[in-house]
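Every value quoted in this text rests on a predicted model; they were computed, and no experiment measured them.
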Amino acid sequence: MASRRYLPNNSHAFWLQLQKLIAQSEASNVAFTYPASGTLKHAGLSGFQLTAGTSGCTIAEVEGPDNAGDFAGLALTAGQELVFGQSITMLRLSAGEGIVYNSAERPAQWFVSSHSGNDNNDGFTASSQFATIAKLNEYFIAAGDQITLDDDSFWRAMLVLPVSASVVRSNTGTNRPQLDASDIATNASFSLSSGQTNTYEIPWVADPSTATITYDGAFDKVSVFENGTLLKYRNTISEVEVLPGSYTNSGAASDQNNITYVHPLGSTNPISDGKTYEITKRAHALVLGDGATADGLYCSKAVEENGPILAFENATIRNCVGEYGTRHIIYAHSGLVENCTLRYPDVEFIRETSAGHTMVVFYKANAAGLEGIVRNTSFDGNLPGETTFPDANISAAYAHATSFTENIHALITFDNCIVRKCRSAFDGFVERLIIRNCDIQTVLVHTVKSKISELLGTTIIYPSTAAGASFQIGSEHNNVDFTMRGSVLYTQVSAGARGINVDVAGFSNTADIQYSVIGKNDPDGGQALYLKTATATLDLTLNNCILHNYRESIRYDTGLLTGYAGNNNLYFRGSGTERWNVDSSTVEFTAWKALHPGDDVNSVIGVDAGFTDPTNGDFTTTAPEVDTLQAGVEYYVAS
């Protein structure tokens with residue numbers, strides 16, 4: 001039978017040292033080991049054993065056994081073991097720490113409902129649910145335990161799961177159960193700031209740091225919501241004074257002397273205006289240990305920069321809504337994000353502090369061999385009601401490493417995702433990146449810093465990209481392999497933009513592009529493919545593609561393009577004769593084919609493909625030449 005070791009959930013000591021959770025083999029069983037100190041509570045489990053830590057420990061109190069009083073004051077030396085043969089419900093240490101495990105325990109199920117529960121219940125069944133997360137937190141949640149949160153419930157709380165535990169919605173109501181990291185400020189606690197007319201202040205301190213959850217300073221902050229609307233962050237009190245609906249803080253989120261300054265919407269008096277002011281209080285709404293699962297939750301707000309949802313290695317986040325993060329919505333070591341809605345980054349804070357915001361970030365100091373998957377997930381990079389692209393540095397997702405010298409993730413996959421109102425979609429350092437069947441609208445360059453990149457069945461539309469490359473490959477490493485199949489890169493921009501910029505640092509590289517569209521809506525200017533750098537070589541395959549409205553179809557230096565295979569392409573400049581650029585000299589189609597004998601023999605120039613509605617993503621063509629060539633995304637068949 002599996003033996004387990006548990007971390008006690010005691011107020012602040014409870015905030016899991018998740019990075020220390022280890023799974024280790026004991027004979028044929030798996031044991032989950034947790035450092036333990038403070039108070040341990042559970043309902044009626046038997047067979048407990050306490051092993052003292054390296055400095056020993058002292059028992060203050062035990063509840064449950066007939067001889068419970070005999071244990072009070074008992075001191076254990078380092079490594080000494082104490083076995084409880086009877087059921088215990090509480091163990092409290094007055095000094096030191098130890099490891100507690102139970103060899104006969106089954107995975108527990110816990111039930112919590114804010115509207116139907118009662119904290120006098122045992123929390124073990126749907127008919128005897130707890131009412132609060134605080135009550136649940138009095139008990140330790142073991143590896144393998146499942147927590148069911150009742151639909152239509154709401155808590156201002158942070159829920160922390162250990163390794164392999166899970167939290168799910170009940171699916172008995174209408175709305176997802178919601179975890180909110182803010183508290184409601186007492187209106188009477190505001191006071192008019194000295195020397196100000198419109199700015200009011202309130203002392204506000206986030207929950208303290210713990211061994212696992214720490215505040216980094218600059219990008220950890222409390223945020224202010226007025227009647228549900230996120231107010232605009234400003235750097236100084238003087239800026240807040242002149243801007244209704246803004247706020248700032250005197251110090252870092254964890255500063256015990258922090259003062260939050262608020263200028264309400266309409267320049268009202270928060271002491272008497274009857275409005276509800278929510279201020280973020282907790283580091284996160286949800287924390288998942290290694291291998292833990294969250295399914296069907298609504299997680300909102302955060303103080304710590306990593307956002308409402310913090311997930312450790314190989315966690316699963318499914319069917320969740322995440323919103324209102326400072327720099328991230330989900331921060332994960334690795335694992336799966338599936339069927340989620342991620343939205344509403346703090347645009348004003350990002351702009352004012354020149355920070356970057358990534359709605360999903362995968363990062364671990366040693367990520368070698370780890371994978372991250374984002375599937376069937378939508379990203380909304382602006383605030384509620386905003387229909388434009390924000391003028392702040394907001395990305396949908398990022399593999400967070402500073403260079404390829406780090407132990408980067410082995411694979412990041414984005415599958416069937418929708419990205420809207422973000423400045424960019426996917427970026428970062430990773431061994432292999434797959435973007436498949438995604439629908440993306442962003443306004444900035446994508447720089448793909450992966451050794452192997454695959455863009456499959458994906459449409460990327462840049463509504464207003466500045467001149468420069470729309471999709472940049474490489475720039476940080478050697479030996480790039482890029483594959484593009486059945487995909488569209490389309491820029492709604494004036495002359496000058498590039499479609500794909502291959503910028504590699506050295507050695508041998510490949511780019512294999514087939515059944516795809518690289519285009520823009522404004523004729524002339526720029527290059528569809530710009531093969532940049534003389535310190536590397538590239539083998540290029542270009543088949544059954546449409547290169548649309550570029551002055552130059554391909555630009556490269558002779559020493560760079562060491563291999564070319566292309567045919568059945570449709571080249572259309574839109575204004576003037578189609579051209580290629582070789583060694584900074586332009587050539588026309590006949591000369592291009594002479595440079596590459598046997599290639600592009602069936603390709604066609606000077607024909608507009610006749611896209612139905614490229615602005616809105618419809619790249620169905622009307623030109624009969626396209627059907628003859630079988631070019632573009634219409635003829636792509638996924639393998």
Check this for me: does any side-chain nitrogen of one of [X] and [Y] sit under 4.0 Å from a carboxylate oxygen of the other?
{"X": "R573", "Y": "E578", "answer": "no"}
{"X": "D439", "Y": "R420", "answer": "yes"}
{"X": "R436", "Y": "E454", "answer": "no"}
{"X": "R234", "Y": "E348", "answer": "yes"}
{"X": "K221", "Y": "D346", "answer": "yes"}
{"X": "D512", "Y": "R485", "answer": "yes"}

Point-to-point distance, once rounded to the nearest 0.5 Å, from [atom1] of [X] to [atom2] of [Y]:
{"X": "Q441", "Y": "I460", "atom1": "CD", "atom2": "CD1", "result": "11.0 Å"}
{"X": "I329", "Y": "Y324", "atom1": "CD1", "atom2": "OH", "result": "10.0 Å"}
{"X": "Y233", "Y": "R351", "atom1": "OH", "atom2": "CZ", "result": "13.5 Å"}
{"X": "L561", "Y": "R555", "atom1": "CG", "atom2": "CZ", "result": "14.0 Å"}
{"X": "E323", "Y": "T341", "atom1": "CD", "atom2": "OG1", "result": "10.0 Å"}

Return yes if some donor-acceptor pair links the side-chain N/O of N543 with the main-chain N/O of Y515 below 3.5 Å, else return no.
-> no
With no hydrogens and no angle check, is any side-chain donor or acceptor of N549 less than 3.5 Å from a backbone partner on K520?
-> yes
Do [X] and [Y] have side chains that approach each other closer than 4.5 Å (heavy atoms only, starting at C-beta)?
{"X": "L411", "Y": "E431", "value": "no"}
{"X": "F414", "Y": "L433", "value": "yes"}
{"X": "T326", "Y": "D220", "value": "no"}

Can Y564 and D600 be counted as having a side-chain donor-acceptor contact under 3.5 angstrom?
->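 Per modelled atom types, Y564 and D600 side chains form a pair under 3.5 Å.
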For Y247, is the NZ or CZ atom of K232 found under 6.0 angstrom from the centre of its six-membered ring and inside 45 degrees of the ring axis?
-> no
